[in-house]
Structure formats: C-alpha cells, structure tokens
Amino acid sequence: DTEVTQTPKHLVMGMTNKKSLKCEQHMGHRAMYWYKQKAKKPPELMFVYSYEKLSINESVPSRFSPECPNSSLLNLHLHALQPEDSALYLCASSQDLTGGAKNIQYFGAGTRLSVL
Amino acid sequence: AQKVTQAQTEISVVEKEDVTLDCVYETRDTTYYLFWYKQPPSGELVFLIRRNSFDEQNEISGRYSWNFQKSTSSFNFTITASQVVDSAVYFCALSAYSPSGAGSYQLTFGKGTKLSVIP
C-alpha cells in the first residue's frame, strides 16, 4: 500500500480565514513533504519533515505554517493567504531522506485551494 | 546544481501509436537517481520508476519502457500502443545529494510533458 491521503480535496477561503490542510500516511515513512503546484508548472518544494522535525523550509512565507504531530500526520496551517496562493497543494512521504529506494516519494491527490 | 529538461511541452498522438517522452538531466554528482511520475487530471503524482546512476539497464513494464543513457545524460520514456488512459502530464525528476537541503536527497523536477492520446 502506497497511499497518502489528503483532506480536504477542495478548499475555498477568504484572505482573512484560517484553515488547515491535512495529510496522512500509514506506510511507516519518516519523511513527509509539502509541495505547491501552480497550473502547468512542476511541484515546488515548500517544507520537509524528517522524524517529525522540520528539516527544510524553502523560504516559505509565514502565512504557511507546517506541523507534524506524529510520524503519520502532517498539517499545513493557512492564515491570511493571498489570491496568488491559489494552487494545488501536494503532500508526499518517503521512508527517509537518504538516497535509493528509501527516497521514493509517494504523493497524495492534493488539495485544490482557491483564495478569494 | 541539478537540472532536468523536458523539451516537449505537449504531445498529441492517436491511440495505439507509440510515443517517446524525452528527458535530459544535468548533475555533477556521481550518485543520483532518476524518476518518472505521471500526473493525470485528478492531480495525484503517480510514481512510475526509479533508476540509480549505476544501473544503465533499460527497463520494460508492460507497455512502458525506459532508456537510460549516461553518455547523453538522458532518461527517455516510451509508451507502446498508447491508450486514452495514458493522457496525463509526465514529469521526469532527478534526486541527488543536496548539502544545502539538510544533507538529503531532494527531487528536481522537469517542467513536464503533457501527453494527449486521441481516440
């Protein structure tokens, strides 16, 4: 089973709202990722967690706040977003951050976010 | 720095035709990994294959085959007898050691090739 589950599938929010995206995997993976993907572009890495600790933050604005409560769960808290933040947000997981087969990233179906 | 180039932005083929998606990569690392992912309209990136830099064997999986050539830094993907269900965006990606990335391996994606298979 290589399933990564993301909720919600779609989200519409205003610029003053606070919302959260959720990602869950039960493959025993210890690395989890958030990506942002704009239309007709490849995914862009936002955050990486390794063993529940933030390992990489790709200079993402503070209106995006990640959280990893346990090894199976990854959240992305959203606050005061801008219309240009509208995108597909993808979560992924891998066994760990080393190379080889352990670094194959498995992706969820994403959350399509619209900021009005 | 790593770079992946997918020169074909969009390709259209008629069902049952063969199609090859090109991928050229750049890296200075001797140990690296190459991937192909499929992204159908639903949005999920589906892992298709991983190849490491030491294994140049070509691979076939059903209608899919991959040709890895280090001499030309290419990792091309061929779909034989294409089907409508193959319509998707295909991403080639490279993973190599990144000291700035917390000493980890991170994916560098190409821009993707949109494949449309016409019935």
Side-chain angles (χ1 to χ4, degrees), chain A residues 1-6 8-11 23 25 27 29-51 53-59 87-113, chain B residues 2-10 21 23 25 27 29-55 59 88-116:
Chain A
D1 183 13
T2 56
E3 189 170 312
V4 176
T5 304
Q6 289 189 245
K9 289 190 177 358
H10 301 273
L11 179 63
C23 174
Q25 56 87 15
M27 295 179 277
H29 289 177
R30 303 313 299 268
M32 296 187 77
Y33 311 73
W34 279 115
Y35 287 85
K36 173 182 178 181
Q37 186 179 23
K38 301 284 274 186
K40 300 188 178 184
K41 298 286 186 184
E44 295 175 17
L45 184 65
M46 299 174 72
F47 302 104
V48 181
Y49 273 82
S50 176
Y51 291 84
K53 292 186 179 177
L54 184 62
S55 182
I56 297 175
N57 176 342
E58 293 285 4
S59 303
L88 178 67
Y89 288 84
L90 291 162
C91 174
S93 72
S94 65
Q95 280 187 262
D96 59 32
L97 295 185
T98 59
K102 291 185 177 183
N103 195 232
I104 297 173
Q105 292 184 32
Y106 296 96
F107 286 80
T111 295
R112 291 192 186 275
L113 174 67
Chain B
Q2 276 69 246
K3 185 178 179 182
V4 176
T5 301
Q6 295 179 256
Q8 305 148 309
T9 305
E10 293 194 35
L21 309 183
C23 174
Y25 62 92
T27 181
D29 292 286
T30 54
T31 300
Y32 54 89
Y33 304 87
L34 296 164
F35 300 80
W36 277 95
Y37 283 89
K38 173 184 180 180
Q39 188 174 38
S42 58
E44 179 180 0
L45 266 83
V46 179
F47 165 73
L48 296 178
I49 190 171
R50 175 192 65 91
R51 220 63 193 137
N52 73 53
S53 53
F54 301 109
D55 182 2
E59 183 157 339
V89 178
Y90 291 86
F91 289 99
C92 180
L94 169 70
S95 175
Y97 184 77
S98 171
S100 62
S104 64
Y105 285 77
Q106 297 306 322
L107 288 175
T108 298
F109 285 94
K111 292 187 176 181
T113 297
K114 182 178 180 180
L115 174 64
S116 298

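Letters A, B, ... mirror the listed sequences (proteins, then strands); counts begin at 1. Nothing here was measured: the structure is a model prediction, and the numbers come from that model.
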Check your understanding: Can A:Asp96 and A:Thr98 be counted as having a side-chain donor-acceptor contact under 3.5 angstrom?
Key -> yes
Check your understanding: Looking at residues at least two apart in the chain, or sitting in another chain, which of them share a salt bridge (charged side-chain N to carboxylate O under 4.0 Å, His left out) with B:Arg51?
Key -> B:Asp55, B:Glu59
Review point. Non-hydrogen atoms of chain A under 4.5 Å away: do they reach the side chain of B:Ser42, the backbone, both or neither?
Key: backbone
**Study point:** Contact class of A:Ile104 relative to chain B, heavy atoms under 4.5 angstrom
**Key:** both
Review point. Between B:Tyr37 and chain A, which part of the residue has a heavy atom less than 4.5 Å away: side chain, backbone, both or neither?
Key: side chain
Point to revise | Any side-chain donor near an acceptor of the partner, B:Thr108 and B:Gln106, under 3.5 Å | key: no
Practice item. Kindly write out the residues that satisfy salt bridge (charged side-chain N to carboxylate O under 4.0 Å, His left out) with A:Arg112, not counting sequence neighbours, or none if the list is empty. Key: none
Point to revise | Proximity of residues 2-10 of chain B to chain A, residues having a non-hydrogen atom under 4.5 angstrom | key: none
Point to revise | All side-chain contact (heavy atoms from CB on, under 4.5 Å) counterparts of A:Ala92, not counting sequence neighbours | key: A:Tyr33, A:Tyr35, A:Gln105, A:Phe107
Exercise for review: Evaluate the side-chain proximity of B:Gln39 to A:Leu88: yes if any heavy-atom separation is below 4.5 Å, no if none is.
Suggested key: yes
Exercise for review: For residues A:Asn103 and A:Gln95, determine if any side-chain heavy atom of one lies less than 4.5 Å from a side-chain heavy atom of the other.
Suggested key: no
